[in-house]
Amino acid sequence: MAEFSQKRGKRRDGEVLGSAVDFLLANARLVLGVGGAAMLGIATLAVKRLIDRATSPRDEDDAKGDTTCLEDSWKELSLLKATPCLQPRPPPAALSQPVSPLPPSPSAPERPADAGPQMPPPLSSPAPLCLTFQEKLLAFERDHVTIPAAHVALAKQLAGDIALELQAYLRSKFPELPFGALVPSGPLYDGLQAGAADHVRLLVPLVLDPGLWSLVPGVDTVARDPRCWAVRRTQLEFRSRGNSPWDRFLVGGYLSSRALLELLRKALAVSVNWPAIGSLLGCLIRPSVASEELLLQVQHEHLELTVAVLPVVTGAATGERLLLAWPLEGLAGSLWLQDLYPAEAARLRALDDHDAGARRRLLLLLCGVCRGHSALGRLGRGHLTQVVLCLGEEKVDWAEEALGERFLQALQLLIGSLERASLPCHFNPSVNLFSSLSAEEIDDIGYTLYSGLQAPERLL
């Protein structure tokens, strides 16, 4: 009787342990999933068998019970393996219903009862803001287009001091040639310089005798060049050659810009004591011997400046036109190039003053983009000015808020002009400003601009 009671107690204990295992496995399916429940079941049954074998003597009933329990557990495990391993997805309605608490398990430590809802981990840093193209364009203007006021003032001061020194030299070296007062000018003085204060034009006016000179359009000369003008000597039958100090530069009855450039090039390269002048001004000045233009390279502690010395013919004799002595090739070598920059700058300023527009800012942005790009560097200020003037005459919104839209419109206009290989000058439509570009250069520029139109941020 005592033996029966002992066996019955063992079986009751086994039933209690088995019920606990069944409950644990049933809840483990919900918590750990199918695979986790299977592994937990195997480990739990193995531990149970080891405990039973170590704490009780073996008999036939126990052995049969052990065999039955193992067979049941294998059958259950086979059923678990046969069950497809699907990720548990609660129904939508269950998401809003309270979840019944699960009993504690060794693998999941119990949380305090008064613990609040688990907070998400803090973000390390806020996500970056997505800027619009307009905002990126304004940032590019601030970082790469706008020139510090101190650099502008320093460049103007250096240019003015060099103009005074060069003017004193010319009057002492060539007292017979009536040069006017040298005038520093250019985009830097009109607020149209982008990126750096690195270029200044120094105009050297020629004072011509009234009544002895007249202008001939370039298309009426053998050069047939609409960009240029010829300065012809008149009144030779009454005032023979030699009556004008500029007669020494006559070639075939015309004032030769090439002859004047040669004289000044030799003087600037050989006769002027630039080291002494540079020491006086606190900078280093060297004439450029490699360029056909009359250029002075100025190196200062805070900036580098290129000064272009430009002999010009202006005044009543030219009808208020500004004619430059420019190194031209071929039959146009002795002609004078008409400079339309003053008229273009004045027109842009008048248009912006009329409607408080941003045309000049658009020109600065285009110059800044082309300045920092190898392929677009072939587009000079003259090309870009024509594009802005063409757009600027249209009755569209020119406020700052529309600057991005106008920028893209300028790219489209440039691409269309490149496809036709034609960019007419605004004040002289017979002049094609793309005539100096080769077909390969036009293709490179057009491809770069077309790619930039698809993703304009890449141009900035």
Side-chain angles (χ1 to χ4, degrees), residues 186-187 190 192 201 203 213-232 251-258 261 292-293 310-351 359 362-363 366-367 370 378-394 409-443 445-446 449:
D190 298 317
L192 296 177
R201 306 188 339 159
L203 303 183
W213 306 92
S214 64
L215 297 183
V216 179
V219 293
D220 296 337
T221 64
V222 293
R224 303 295 180 186
D225 193 334
R227 303 172 301 163
C228 305
W229 293 78
V231 181
R232 183 173 60 185
V251 175
Y254 293 89
L255 181 62
S256 174
S257 62
R258 178 181 295 173
L261 284 175
E292 295 184 359
E293 303 176 44
L310 301 172
V312 296
V313 173
T314 186
T318 62
E320 301 303 327
R321 299 179 182 88
L322 185 63
L323 305 181
L324 304 179
W326 192 263
L328 301 173
E329 298 179 354
L331 298 175
S334 294
L335 302 182
W336 295 74
L337 180 67
Q338 183 176 3
D339 183 21
L340 296 175
Y341 167 76
E344 294 166 351
R347 182 57 181 167
L348 286 176
R349 183 167 53 253
L351 290 172
R359 296 168 182 83
L362 175 60
L363 176 59
L366 292 172
C367 291
C370 294
R378 302 182 184 93
L379 289 175
R381 180 182 304 276
H383 303 106
L384 303 175
T385 302
Q386 311 313 312
V387 173
V388 178
L389 281 171
C390 182
L391 292 177
E393 301 289 353
E394 298 181 3
Q409 191 176 358
L411 295 186
Q412 295 174 351
L413 181 57
L414 267 173
I415 292 173
S417 300
L418 289 166
E419 291 175 350
R420 300 186 300 271
S422 174
L423 181 63
C425 178
H426 186 76
F427 290 103
N428 190 357
S430 61
V431 176
N432 177 18
L433 297 181
F434 281 163
S435 60
S436 59
L437 298 177
S438 64
E440 183 178 357
E441 290 174 336
I442 289 179
D443 290 341
I445 297 172
L449 289 177

Engineer: Is the shortest side-chain N to carboxylate O distance from R349 to E344 below 4.0 Å?
Structural biologist: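 Looking at E344 together with R349, the answer is no, because their closest N to O distance does not fall below 4.0 Å.
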
Engineer: Restricting to non-hydrogen atoms, name the atom on P226 and the atom on N428 that form the minimum distance, rounded to 0.1 Å.
Structural biologist: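 Minimum heavy-atom separation between P226 and N428: O-ND2, 3.2 Å.
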
Engineer: If you take all heavy atoms of A410 and L366, which pair is closest and at what distance?
Structural biologist: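 It is CB-CD1, 4.0 Å.
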
Engineer: Check whether more than 12 heavy atoms from other residues, nucleotides or ligands sit under 6.0 Å from atom CD of E293, and answer yes or no.
Structural biologist: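 Enclosed.
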
Engineer: Before accepting this row, confirm whether a basic side-chain N of the pair R227/D339 lies closer than 4.0 Å to the acidic partner's carboxylate O.
Structural biologist: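 No.
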
Engineer: Of the non-hydrogen atoms in F427 and P429, which two are nearest, and what is the gap between them?
Structural biologist: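 The answer is C-CD, 3.9 Å.
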
Engineer: For the OG1 atom of T221 and the OH atom of Y254, what is their distance to the nearest 0.5 Å?
Structural biologist: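 The OG1 atom of T221 sits 7.5 Å away from the OH atom of Y254.
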
Engineer: Nearest 0.5 Å, what's the CG-SG distance between N432 and C425?
Structural biologist: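 Going from the CG atom of N432 to the SG atom of C425 covers 10.5 Å.
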
Engineer: Check this for me: E329, atom CD, are more than 12 non-hydrogen atoms of other residues, nucleotides or ligands nearer than 6.0 Å?
Structural biologist: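 Not more than 12 within 6.0 Å, no.
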
Engineer: Is the closest side-chain heavy-atom distance between L324 and P311 below 4.5 Å?
Structural biologist: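 Not in contact.
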
Engineer: Any idea which heavy atoms bring Q409 and E394 closest together, and the distance?
Structural biologist: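 Scanning both residues, the minimum pair turns out to be NE2-OE1, 3.4 Å.
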
Engineer: Would you confirm whether R359, through its side chain, and L351, through its main-chain N or O, come within 3.5 Å as a donor-acceptor pair?
Structural biologist: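 Confirmed, R359 side chain pairs with L351 backbone.
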
Engineer: Looking at CG of D190 and OH of Y341, how far apart are the two atoms once the value is rounded to the nearest 0.5 Å?
Structural biologist: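 One gets 3.5 Å once the value is rounded to the nearest 0.5 Å.
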
Engineer: Are the side chain of W336 and the backbone N or O of L255 linked by a donor-acceptor pair below 3.5 Å?
Structural biologist: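 Yes: the side chain of W336 pairs with the backbone of L255.
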
Engineer: For a 4.5 angstrom cut-off between non-hydrogen side-chain atoms, does Q386 reach P424?
Structural biologist: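 A side-chain contact is absent here, since even the closest heavy-atom pair is not under 4.5 Å.
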
Engineer: When you compare the side chain of L215 with that of L323, does any pair of heavy atoms fall below 4.5 Å?
Structural biologist: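 Touching, per the 4.5 Å side-chain cut-off.
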
Engineer: Give, for atom CG of L362 and atom CG of L384, the distance between the pair rounded to the nearest 0.5 Å.
Structural biologist: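 It comes to 9.0 Å.
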
Engineer: If every non-hydrogen atom of I442 is compared with every non-hydrogen atom of F434, which pair is closest and at what distance?
Structural biologist: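 Closest approach of I442 to F434: CD1-O, 4.5 Å.
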
Engineer: Examine R321 relative to W229 and say whether NZ or CZ is less than 6.0 Å from the centre of the six-membered ring and inside a 45° cone about the ring axis.
Structural biologist: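 Yes, a cation-pi geometry.
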
Engineer: Are R381 and L192 close enough that some pair of their side-chain heavy atoms sits under 4.5 Å apart?
Structural biologist: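 Touching, per the 4.5 Å side-chain cut-off.
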
Engineer: What's the separation between atom CG in L437 and atom CD1 in I445, rounded to the nearest 0.5 Å?
Structural biologist: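 Answer for the CG-CD1 pair, L437 versus I445, is 5.0 Å.
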
Engineer: State, with a plain yes or no, whether a side-chain heavy atom of W326 is found less than 4.5 Å away from one of L310.
Structural biologist: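 Yes, their side chains come closer than 4.5 Å.
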
Engineer: Test salt bridge (Lys or Arg N to Asp or Glu O under 4.0 Å) on E292 and R258; report intermediate values, then the result.
Structural biologist: CA-CA 10 Å; E292 295 184 359; R258 178 181 295 173; over 6 Å; no

Engineer: With rounding to the nearest 0.5 angstrom, report the CZ to CD distance, R378 to E441.
Structural biologist: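 So the gap between those two atoms works out to 5.0 Å.
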
Engineer: Does any N or O in the side chain of S257 come within less than 3.5 Å of the main-chain N or O of L335, such that one atom is a donor and the other an acceptor?
Structural biologist: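 The answer is yes, because a donor-acceptor pair under 3.5 Å joins these two groups.
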
Engineer: Mind listing the closest non-hydrogen atom pair of P327 and L261 along with its distance?
Structural biologist: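 Nearest heavy atoms, P327 then L261: N-CD1, 3.9 Å.
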
Engineer: Taking the side chain from R224 and the backbone from V219, do they hold a donor-acceptor pair closer than 3.5 Å?
Structural biologist: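 The answer is yes, because a donor-acceptor pair under 3.5 Å joins these two groups.
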
